[in-house]
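To start, the structure itself, in structure tokens.
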2 protein chains.
Amino acid sequence: MNKILLVEDDNEIIDNLIEFLSKEEFIVKNAKGQNAAIELVENETFDLVLLDVSLADGNGFAVCSAIKSKTCLPVIFLTASGDEFSTVTGFDLGADDYIAKPFRPRELISRIKNVLRLTGTTGSITQLGDVMVDTVKGTASKKGKDLFLSALEYRLLLVFINNRGAVMTRTKLLESIWDIAGDFVNDNTLTVYIKRLREKIEDDPQNPEIIKTVRGLGYKVDA
Amino acid sequence: MNKILLVEDDNEIIDNLIEFLSKEEFIVKNAKGQNAAIELVENETFDLVLLDVSLADGNGFAVCSAIKSKTCLPVIFLTASGDEFSTVTGFDLGADDYIAKPFRPRELISRIKNVLRLTGTTGSITQLGDVMVDTVKGTASKKGKDLFLSALEYRLLLVFINNRGAVMTRTKLLESIWDIAGDFVNDNTLTVYIKRLREKIEDDPQNPEIIKTVRGLGYKVDA
DNA sequence: TTGAATTATGATATAATGTTCATAATTAAT
DNA sequence: ATTAATTATGAACATTATATCATAATTCAA
């Protein structure tokens, strides 16, 4: 159940959106003015803000700035027309998306869900076979069981996950984890880490299925 | 320098976009058909895909599915008109955004940058005062200098960052980090960790400005 | 098949982490 | 002011992490 703050002063739109969004399993709370919006954001927790650009007491950009400076809430602008929203300044202010009125309700839902997914409010979990990494918590698990990865093992796993499909050279991996080209850490250190990580995440560490060796080039995980 | 795969078969658009995006410091590579696109994605690394919905050899949705099943690349659809893109199926397929032709170049740039920011391909960095956390790399820094956080310290910091503005009770924190309600780890363990984390991230650990004690309730960081 | 290069493994010293204890400092209420 | 509760600190300890060495196994090419 995600909770949405609707900053809007047009009663018809308010009623329509509250009715529609409630059906879609969202909890909606309305603020009609800038101050009300900012106060609500300060005193309650929301998952997303729908923000009308043109409010009776001023434009929504100021509200967006205020919200973004206080929270990490995603903001979707509602605009009277596509042109009203300057994407350049809008996105610069930290807006996550915008939608022009009149919009089809289903499009609004899609955009809301999309933004929630992208901003990770619903959790940003990445999967690699049966290994799951939760970058929000900073943890990893295999088949639902917690993996106890050290800081370096975790970072090494992240590098592979964020470069799925690509062969990672030893140099690239060393740079990613140790920030240097291999002059200061022993070249074998990486090999040892690969081994240790494999021992924790692979079903059969001797025949790795996740982190594969690409002889002469480096290592890779399939996409 | 982000690398973009442009899947488009109209030569005029290709030329325009390559010229414009190159000026904006993007590296652009073009694929004219479905197979070319999928092959490129498999053999090269990109940061984002711009995907025309209507290609000569079929519609772009199939390409989107193929890309998303193989990679975690963000995809922005280019559509001839707003209606052509079904936001419902489009977003369900994993599309990250879409833009209807004709679009203003600056809007395209804004949307590209926005998606890159949201999907974290440019790094999903969260800031807490002068402390930055990069959950893509699994690292943290203060004033640009690397912090060497242990696995538990890093996770504790993430809990605070993901709950900015809220008071976190000792029980909640213990549950977040140790997955238990405090029965198995000593109650003081958390206190010691708070102290150690403060020593690494606070300017003056004796007078913490980031992680504040809320006596009787727990700890909180401001939003 | 042999040899050189690459990758894997096992063992080890050192440093850091994780947990607990004992004790001090702080705060709020009586 | 005294007391009780809460939070902070310092130090001790067992455990784990980290980096390196030596050595083994593997692969590829001559």
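Being a predicted model, the structure only gives us computed values, none of them experimental. Below, read A as the first sequence line, B as the second, and so on, with proteins coming before strands; counting in each chain starts at 1.
A:Ser150 comes within 4.0 angstrom of sugar-phosphate atoms only, judged by non-hydrogen atoms across all strands, and of no base. A:Gln206 comes within contact range of the sugar-phosphate backbone alone, with a heavy-atom separation under 4.0 Å but no base atom that close. As judged by a 4.0 angstrom heavy-atom cut-off over every strand, A:Thr189 is placed among the base-contacting residues. Using a 4.0 Å heavy-atom distance criterion, B:Thr213 is classed as a sugar-phosphate-only contact.
Between B:Leu152 atom CG and D:dA17 atom P there is a gap of 11 Å when expressed in whole angstrom units. Straight-line distance from the CD atom of A:Glu153 to the P atom of C:dT17: 14 Å, rounded to whole Å. With rounding to whole Å, B:Tyr154 atom OH is found 14 Å from C:dG18 atom P. Here the P atom of nucleotide D:dT18 and the CZ atom of A:Phe148 are 15 Å apart, to the nearest Å. Computed from coordinates, the B:Glu199 CD to C:dA16 P distance equals 14 Å when rounded to whole Å. Rounded to a whole Å, the NZ atom of A:Lys195 is 14 Å from the P atom of D:dA25. Going from atom CD1 of A:Ile177 over to atom P of D:dA19 covers 11 Å, rounded to whole Å. With rounding to whole Å, A:Lys200 atom NZ is found 10 Å from D:dT16 atom P.
Distances shorter than 4.0 Å separate none of the side-chain N or O atoms of A:Arg198 from OP1 or OP2 on C:dT9. One finds no side-chain N or O of A:Tyr193 lying less than 4.0 angstrom from the OP1 or OP2 phosphate oxygen of C:dT9. Residue B:Arg170 places at least one side-chain N or O under 4.0 Å from the OP1 or OP2 atom of D:dT7. The side chain of A:Trp178 contributes no N or O atom lying less than 4.0 Å from OP1 or OP2 of D:dT18.
Note on B:Asp52 versus B:Lys32: no salt bridge recorded, every NZ/NE/NH1/NH2 to OD/OE distance being 4.0 Å or above. At a threshold of 4.0 Å, the pair A:Asp134-B:Arg155 does not count as salt-bridged, since none of the basic side-chain nitrogens sits closer than that to a carboxylate oxygen. A salt bridge links A:Asp203 with A:Lys143: the closest approach of a Lys/Arg side-chain nitrogen to an acidic carboxylate oxygen falls below 4.0 angstrom. Salt bridge annotation for B:Lys3-B:Asp47: absent, with no cationic side-chain nitrogen under 4.0 angstrom from a carboxylate oxygen. Using a cut-off of 4.0 Å between Lys/Arg side-chain N and Asp/Glu carboxylate O, B:Glu153 and B:Arg196 are scored as not salt-bridged.
Projected onto DNA chain D by closest heavy-atom contact, B:Pro205 and A:Asn188 fall at different nucleotides, the more 5' of which corresponds to B:Pro205. Checking A:Pro208 against B:Arg196, the closest nucleotide of DNA chain C that is more toward the 5' end is the one next to A:Pro208.
Taking only side-chain atoms of A:Arg215, from C-beta outward, the nucleotide of C:dT9, D:dG10, D:dT26 with the closest atom is D:dT26.
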